[in-house]
Amino acid sequence: MKYYIIAGEASGDLHSSNLVKHLKQADTKAEFRGWGGDMMQKQGVALVKHYRDLAFMGFAEVIQHLPTILKNIEFCKKDILAYKPDVLILVDYPGFNLRIAKFAHQAGIKVAYYISPQVWAWKSSRVNIIKEVVDKMLVIFPFETNFYSRYNYKADFVGHPLLDAINGQPQPNKETFLKENNLPTQPIIALLPGSRKQEIGNMLSVMTEVADDFPSYQFVIGGAPSSNPQWYKNFLGRKNVSIVYGKTYELLAHASAALVTSGTATLETALWGVPEVICYRSKGITGNISYLLAKQFIGKKLKYIGIVNLIMDREVVKEFIQHDLTTYNLITELKKILEDSAYRNKMLEDLKLVKEKLGGPGASAKAASLIIQLAEQSKQKA
């Protein structure tokens with residue numbers, strides 16, 4: 001059968017690639033076309049556009065790039081019609097994907113949504129659109145099925161695909177990792193600033209300032225595989241700050257702690273059992289506008305922005321957002337993580353509980369099975 005997949009960011013590329021792997025195992029004649037990244041391409045997806053060309057952050061930034069976004073949407077619609085997939089698979093990325101879902105539904109194409117928009121956080125009115133245009137919603141957090149049931153809509157919990165991705169990783173040897181990346185032997189603090197140009201600049205400008213207060217540690221930036229090395233150049237001046245590209249999991253496997261930009265990486269860090277600090281800020285006028293709007297819409301519903309804290313419904317790791325993200329606050333929290341053994345051990349125990357709540361591996365295989373069922377229904381009707 002023919003599958004069209006849309007993933008608009010690095011995490012979506014990872015999860016889509018694992019999904020495609022399992023779809024191919026169950027459907028040996030499968031054909032794939034889509035929007036995503038290098039990992040999807042390696043699994044045999046004919047890539048139409050790369051996610052690095054689609055990554056716009058925040059309300060104000062989206063408005064700035066609206067003409068480009070609208071052109072992409074129109075191009076995507078035409079490409080889907082020309083390809084005639086048996087099923088359209090949408091992976092997160094709701095601002096774009098829900099528009100495409102509506103179009104595909106009207107065109108009579110079956111729509112599967114893998115990794116729900118965070119409608120439980122904000123824009124809950126989107127549930128009405130989802131009910132109308134999404135044939136199968138596959139969710140990755142257990143609380144999401146209860147949320148959707150309140151709207152009389154059935155969502156299937158498949159588990160979290162990060163457990164698949166991490167479970168499939170061989171445990172890397174530290175000595176080999178250090179040698180291959182020309183790193184010294186000091187203990188590692190991982191810096192995960194995100195994958196977009198804007199957030200990399202915003203986050204590393206404060207994250208790297210912390211390094212001077214921890215001379216016995218090395219701070220290693222996890223460079224996104226699709227990113228431009230020039231984006232990091234200004235932050236590599238300190239002698240105990242370095243970078244590795246496309247090796248986030250190997251980096252986390254050997255890290256003593258991590259400073260992490262809010263997003264999927266915060267959960268990845270937790271699942272590797274690494275004590276962390278969640279960071280986020282937008283700079284400039286448009287960044288402040290985006291933050292104020294987000295606070296207005298999301299702050300009323302959620303006590304936290306970090307998925308680790310949301311899963312546990314309490315503060316497991318510290319969150320420093322916007323004006324609270326200061327060098328002083330990061331240094332203070334990092335010292336507690338590294339030097340206060342009781343504080344560190346409590347965080348480590350809580351991170352184990354987070355992993356337990358998400359269930360075991362197998363999300364990609366379960367999602368693939370449900371998507372194939374949907375595609376077969378489409379084939380039969382045709």
Side-chain angles (χ1 to χ4, degrees), residues 162 165-166 169-194 200 203-204 206-224 232 235-280 306-309 312 315-320 325-355:
L162 277 180
I166 292 171
Q169 289 284 316
Q171 188 66 29
N173 177 274
K174 186 172 184 179
E175 187 178 337
T176 304
F177 174 71
L178 295 175
K179 187 176 180 180
E180 286 179 349
N181 295 285
N182 297 313
L183 297 173
T185 57
Q186 287 108 313
I188 294 170
I189 307 294
L191 303 180
L192 304 182
I200 288 168
M203 305 310 300
L204 284 181
V206 64
M207 285 179 173
T208 53
E209 286 180 3
V210 173
D212 292 339
D213 280 67
F214 299 88
S216 60
Y217 287 84
Q218 58 174 319
F219 288 71
V220 183
I221 300 166
Y232 303 94
F235 307 106
L236 295 171
R238 290 174 170 84
K239 65 178 182 179
N240 64 334
V241 176
S242 55
I243 188 166
V244 297
Y245 291 96
K247 297 181 178 179
T248 299
Y249 286 177
E250 292 171 74
L251 175 60
L252 287 172
H254 303 304
S256 300
L259 306 181
V260 189
T261 297
S262 177
T264 304
T266 61
L267 185 55
E268 290 175 305
T269 304
L271 294 178
W272 276 101
V274 180
E276 64 180 305
V277 187
I278 295 175
C279 313
Y280 187 78
I307 195 65
V308 175
N309 294 332
M312 297 296 289
E315 186 181 81
V316 172
V317 299
K318 279 285 184 189
E319 300 179 356
F320 294 125
L325 183 61
T326 63
T327 307
Y328 174 81
N329 282 343
L330 287 181
I331 290 169
T332 303
E333 180 62 15
L334 201 50
K335 280 184 176 177
K336 284 181 73 176
I337 288 172
L338 297 172
E339 297 170 10
D340 184 335
S341 58
Y343 185 77
R344 180 183 180 84
N345 290 336
K346 176 69 168 66
M347 189 179 292
L348 288 170
E349 287 302 312
D350 283 341
L351 296 181
K352 286 180 185 176
L353 292 175
V354 170
K355 192 171 185 176

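Quick note: residue numbers are just sequence positions, from 1.
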Within the side chain of [X], is there an N or O that forms a donor-acceptor pair under 3.5 Å with the backbone of [Y]?
X    : Y    : result
T266 : S262 : no
N181 : L183 : no
T327 : V210 : no
Q218 : P184 : yes

Can you measure from [atom1] ([X]) to [atom2] ([Y]) and round to the nearest 0.5 angstrom?
X    : Y    : atom1 : atom2 : answer
L236 : L204 : CG    : CG    : 8.5 Å
I221 : T248 : CD1   : OG1   : 11.5 Å
L338 : F214 : CG    : CZ    : 6.0 Å
Y232 : I243 : OH    : CD1   : 5.0 Å
K318 : L334 : NZ    : CG    : 14.0 Å
E250 : E180 : CD    : CD    : 7.0 Å

Quick check: closest heavy atoms across [X] and [Y], and the distance to 0.1 Å?
X    : Y    : answer
Y249 : A165 : OH-CB, 4.0 Å
S256 : P187 : OG-CB, 3.8 Å
I337 : E276 : CD1-O, 3.8 Å
P193 : G222 : CD-O, 4.0 Å
L259 : M207 : O-CE, 3.5 Å
I200 : G194 : CG1-O, 3.6 Å

Going through the distances and angles, do F219 and R238 end up as a side-chain contact (heavy atoms from CB on, under 4.5 Å)? CA-CA 9 Å; F219 288 71; R238 290 174 170 84; over 6 Å; no
Salt-bridge criterion met for K352 and E349 (N-O under 4.0 Å): yes
Salt bridge between R344 and D340, side-chain N to carboxylate O under 4.0 Å?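 Between D340 and R344 there is no salt bridge, as every charged N stays at least 4.0 Å from the carboxylate O atoms.
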Validation row: [X], [Y] side chains within 4.5 angstrom (heavy atoms):
X    : Y    : value
C279 : L330 : yes
V308 : T269 : no
K335 : Y343 : no
N309 : V317 : yes

With respect to V220, which candidate in L178, I188, N240 satisfies the side chain to side chain contact (heavy atoms under 4.5 Å, CB included) definition? I188
Pick out which of L162, L351, I166 makes a side chain to side chain contact (heavy atoms under 4.5 Å, CB included) with W272. I166
Evaluate N329 against V277 for side-chain contact (heavy atoms from CB on, under 4.5 Å), listing each step before the verdict. CA-CA 10 Å; N329 282 343; V277 187; over 6 Å; no
Take atom NZ of K174 as the centre, draw a 6.0 Å sphere, and report whether it contains more than 12 heavy atoms from other residues, nucleotides or ligands. yes
Establish, from distance only, whether the side-chain atoms of E319 and Y280 form a donor-acceptor pair under 3.5 Å.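 Y280 and E319 do not have a side-chain donor-acceptor pair below 3.5 Å.
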Report the C-alpha distance between M203 and L325 in whole Å, list the side-chain angles of each, state the deciding distance to 0.1 Å, and finish with yes or no for side-chain contact (heavy atoms from CB on, under 4.5 Å). CA-CA 9 Å; M203 305 310 300; L325 183 61; 3.5 Å; yes
Start with the C-alpha distance between V274 and V260, add both sets of side-chain angles, then the distance that settles side-chain contact (heavy atoms from CB on, under 4.5 Å), and finish with yes or no. CA-CA 11 Å; V274 180; V260 189; over 6 Å; no
